[in-house]
Amino acid sequence: MSEEHASVRYIVDDVPAAIDFYTTHLGFTVRMSAGAAFADVVRGPLRLLLSGPASSGARATPAESAAAGRNRIHLVVADLDAEVARLSAAGVAFRTEMVSGPGGRQILLADPAGNLVELFQPAH
């Protein structure tokens with residue numbers, strides 16, 4: 001029986017840098033890598049398709065949509081303050097300040113290509 005994943009494609013400028021970012025800082029593992037063109041990394045049920053400029057995914061993207069947008073992957077964490085401290089110590093820069101709402105707290109960071117990643121701690 002194969003494991004099911006929800007897949008998201010991110011267009012990146014540098015696939016090896018993106019692999020390093022997601023595996024080093026955010027707990028993803030490499031499922032498949034095709035050098036500078038493409039990589040498939042996973043974290044739990046999330047399959048992140050990292051498509052470099054030479055990939056078919058990037059080539060199929062209309063020019064006006066090629067830049068990173070306001071969309072983002074949403075990673076739930078148990079202790080947001082600890083994650084922020086850990087990532088800050090590793091030199092990862094955050095794009096926003098912490099935001100709190102009725103559902104929990106969140107902060108945004110970006111991968112090396114500028115794609116957004118949301119770290120979210122649900123309210124208890």
Side-chain angles (χ1 to χ4, degrees):
M1 183 173 176
S2 68
E3 186 176 0
E4 292 294 320
H5 291 101
S7 298
V8 174
R9 182 181 309 279
Y10 267 177
I11 307 301
V12 299
D13 299 335
D14 183 334
V15 172
I19 291 170
D20 183 58
F21 177 81
Y22 285 100
T23 59
T24 300
H25 300 301
L26 298 177
F28 283 78
T29 58
V30 177
R31 187 170 160 194
M32 190 279 283
S33 177
F38 175 82
D40 179 345
V41 297
V42 296
R43 174 182 162 160
L46 174 60
R47 178 178 176 225
L48 189 55
L49 309 173
L50 303 170
S51 298
S55 71
S56 59
R59 292 192 322 265
T61 304
E64 66 273 10
S65 300
R70 295 177 52 107
N71 299 313
R72 58 190 179 251
I73 60 172
H74 171 94
L75 302 176
V76 176
V77 299
D79 185 341
L80 188 56
D81 295 319
E83 284 298 303
V84 168
R86 180 183 69 79
L87 292 166
S88 293
V92 174
F94 290 89
R95 299 287 300 270
T96 64
E97 297 295 321
M98 189 85 64
V99 175
S100 295
R105 299 182 310 140
Q106 62 185 280
I107 193 166
L108 301 182
L109 54 138
D111 73 10
N115 294 300
L116 294 174
V117 176
E118 175 184 330
L119 300 180
F120 179 80
Q121 180 179 348
H124 295 291

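A ring-ring contact (aromatic ring centres under 6.0 Å, His included) check over residues 97-117, counting only residues at least two apart or in different chains, returns nothing. Sorted by first and then second residue, the pairs that involve residues 92-118 and meet salt bridge (Lys or Arg N to Asp or Glu O under 4.0 Å), not counting sequence neighbours, are Arg72-Glu118, Asp81-Arg105. Within the structure, side-chain hydrogen bond (donor to acceptor under 3.5 Å, both in side chains) contacts touching residues 8-17 (residues at least two apart or in different chains) are Arg9-Ser51. A ring-ring contact (aromatic ring centres under 6.0 Å, His included) check over residues 96-124, counting only residues at least two apart or in different chains, returns the pairs His74-Phe120. Sequence neighbours left out, the pairs with a member in residues 36-49 that pass side-chain hydrogen bond (donor to acceptor under 3.5 Å, both in side chains) are Ser7-Arg47, Asp40-Arg47.
With contacts defined as side-chain heavy-atom distances shorter than 4.5 Å, the pair Arg31/His5 qualifies.
Residues passing the ring-ring contact (aromatic ring centres under 6.0 Å, His included) test with Phe94, sequence neighbours excluded: none. With sequence neighbours excluded, no residue satisfies side-chain contact (heavy atoms from CB on, under 4.5 Å) with Pro53. Taking Thr24 as the reference, Asp20 meet the side chain to side chain donor-acceptor pair (under 3.5 Å) condition, with sequence neighbours excluded.
Linking Ile, Leu, Val, Met, Phe, Trp and Tyr residues whenever their side-chain heavy atoms come within less than 4.5 Å places Leu75 and Val92 in a single cluster. By the criterion of side-chain heavy atoms lying less than 4.5 angstrom apart, applied directly or through intervening Ile, Leu, Val, Met, Phe, Trp or Tyr residues, Val8 is grouped together with Val77 in one hydrophobic cluster. Under the 4.5 Å side-chain heavy-atom criterion for ILVMFWY residues, a single connected hydrophobic cluster contains both Val30 and Phe28. Linking Ile, Leu, Val, Met, Phe, Trp and Tyr residues whenever their side-chain heavy atoms come within less than 4.5 Å places Leu87 and Val41 in a single cluster.
Here Ile73 contributes atom CD1 and Leu26 contributes atom CG; the two are 7.0 Å apart, rounded to the nearest 0.5 Å. Atom CG of Leu50 sits about 10.0 Å away from atom OG of Ser55, to the nearest 0.5 Å. Summarising the geometry, atom OH belonging to Tyr22 is positioned 5.5 Å from atom CG belonging to Asn115; distances are rounded to the nearest 0.5 Å.
Grouped with Met32 in one hydrophobic cluster are Phe38, Leu49, the linkage being side-chain heavy-atom contacts under 4.5 Å among Ile, Leu, Val, Met, Phe, Trp and Tyr residues. Residues near Val42 contribute nothing to a hydrophobic cluster around it, because no ILVMFWY side-chain heavy atom sits closer than 4.5 Å to its side chain.
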